[in-house]
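Position 1 is the first residue of the sequence, and the numbers go up from there.
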Amino acid sequence: MSSETSDTLDQAMVRSSGLDTLLHDLTDRAVREVPGAAACSITVRRADRLLTLAGSDGLPSGLDLRQYENGSGPCVEAAETGAEQYAPDLSAESRWPSYTWYALSVGVRCVLAVPIDVEGETGAALNFYGEESGALGAAREAARTFAARAGDAISVALRIERRRQSAADVRTALLSRSVIDQAIGILMARERIDGRIALERLRRVSQDRNVKLRDLCDQLVARVSRPSDPASGRRK
């Protein structure tokens, strides 16, 4: 892969507004950079199952899904074994009969699945599809180089996503704690009880009504915070 290609992958990460955008950009770029590739997809094992994180424009929707459903195919083999899989002519391929039939029916004649190392994931592959038999034979080294670079970019993107999610979880937890503390304070003032008893009452009502404790406390705080109607002396 040229230094120009490496630079553009870095630029894609900077421009990307999210993981989905980045991965789609990578698969489209793979089609442009790897000779003979008509489509590209990214397979990753997450939550103990394989899924396609992204696919290039023009990728038939069922091309990877058929493999996952059958538990066999070049993408599955590459992700699960870490060994590159190449089928130069699917019409003469015997390893994955049910998948081969479908791939040929949507115009795919050759497949190259290159395993990639993705931080925090147990199996991944970058999959290249050609419309002519042998179309990817001369591009295998270019595909490997691109896959290695893409693996680095995907790892960085996933790491950023995990940090964002972790920060969001912390913010959610803090907001939940804050509203629960406010509700406890309201009960303490109203009922002249201590904080422990107030929390127990809230939890009991939460269970009786089958409402999350945070939602119950949100409702209580909202009622108390609602401005009073001057005419009636009641809260709106």
Side-chain angles (χ1 to χ4, degrees), residues 9-28 41-55 57 61 64-65 68-69 79-80 116-125 150-236:
L9 287 177
D10 288 335
Q11 291 164 7
M13 291 184 64
V14 172
R15 290 195 309 271
S16 173
S17 59
L19 182 60
D20 291 343
T21 305
L22 168 64
L23 297 183
H24 181 76
D25 186 68
L26 287 181
T27 55
D28 281 346
S41 68
I42 301 170
T43 295
V44 169
R45 176 173 292 283
R46 308 194 81 178
D48 202 33
R49 68 187 182 94
L50 292 174
L51 55 84
T52 298
L53 287 184
D57 291 336
S61 60
D64 292 345
L65 182 60
Y68 308 152
E69 291 175 342
E80 294 192 338
I116 53 178
D117 291 325
V118 176
E119 182 182 297
E121 308 299 340
T122 58
D152 291 340
I154 294 167
S155 293
V156 171
L158 286 173
R159 191 183 312 137
I160 293 171
E161 288 291 308
R162 292 188 195 104
R163 287 175 180 171
R164 287 175 178 169
Q165 185 58 54
S166 178
D169 290 344
V170 170
R171 285 194 296 270
T172 299
L174 290 174
L175 288 172
S176 296
R177 185 67 257 176
S178 175
V179 76
I180 291 170
D181 286 342
Q182 290 178 60
I184 290 172
I186 291 169
L187 281 189
M188 289 174 66
R190 276 186 177 179
E191 308 295 334
R192 298 292 190 267
I193 55 178
D194 65 28
R196 179 182 58 81
I197 295 175
L199 179 57
E200 288 177 357
R201 286 191 182 180
L202 288 168
R203 284 175 172 164
R204 191 181 312 118
V205 173
S206 170
Q207 293 169 359
D208 292 343
R209 296 183 183 178
N210 195 26
V211 176
K212 290 182 180 179
L213 179 61
R214 185 189 188 281
D215 293 341
L216 177 69
C217 292
D218 260 333
Q219 295 167 14
L220 175 58
V221 172
R223 285 199 303 270
V224 172
S225 302
R226 194 176 301 140
S228 299
D229 183 346
S232 65
R234 295 180 180 177
R235 294 186 181 278
K236 296 180 181 179

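Considering only heavy atoms from C-beta on, Val224 stays 4.5 Å or farther from Gln182 through its side chain.
Residues meeting the salt bridge (charged side-chain N to carboxylate O under 4.0 Å, His left out) test with Asp218, sequence neighbours left out: Arg214. Listed by chain and number, the residues in a side chain to side chain contact (heavy atoms under 4.5 Å, CB included) with Asp194 are Arg196, Ile197 (sequence neighbours excluded). Partners of Glu69 according to the salt bridge (charged side-chain N to carboxylate O under 4.0 Å, His left out) rule, which considers only residues two or more places apart in sequence or in another chain, do not exist here. Checked against side-chain hydrogen bond (donor to acceptor under 3.5 Å, both in side chains), Ser41 has the following partners two or more places apart in sequence or in another chain: Asp64, Asn127. Take Asp57 and apply the side-chain hydrogen bond (donor to acceptor under 3.5 Å, both in side chains) test, not counting sequence neighbours, and it matches His24. With sequence neighbours left out, Val211 forms a side chain to side chain contact (heavy atoms under 4.5 Å, CB included) with Arg209, Asp215, Leu216, Gln219. Ala183 is linked by a side chain to side chain contact (heavy atoms under 4.5 Å, CB included) to Leu202, Cys217, Leu220, Val221, counting only residues two or more places apart in sequence or in another chain. Applying the salt bridge (charged side-chain N to carboxylate O under 4.0 Å, His left out) rule to Arg204 yields no partners; only residues at least two apart in sequence or on another chain are considered. Legend: residues meeting salt bridge (charged side-chain N to carboxylate O under 4.0 Å, His left out) with Arg201, ordered by chain and number and at least two apart, are Glu191.
Atom CD1 of residue Ile193 and atom CE of residue Met188 lie 8.0 Å apart, to the nearest 0.5 angstrom. In this structure, CG in Leu23 is found 4.5 Å from CD1 in Ile42, a value given to the nearest 0.5 Å.
Contact record, Leu187 with Ala198: CD1-O, 3.7 Å, taken as the closest heavy-atom pair. For Thr43 against Tyr68, the heavy-atom pair with the smallest separation is OG1-OH, 2.7 Å.
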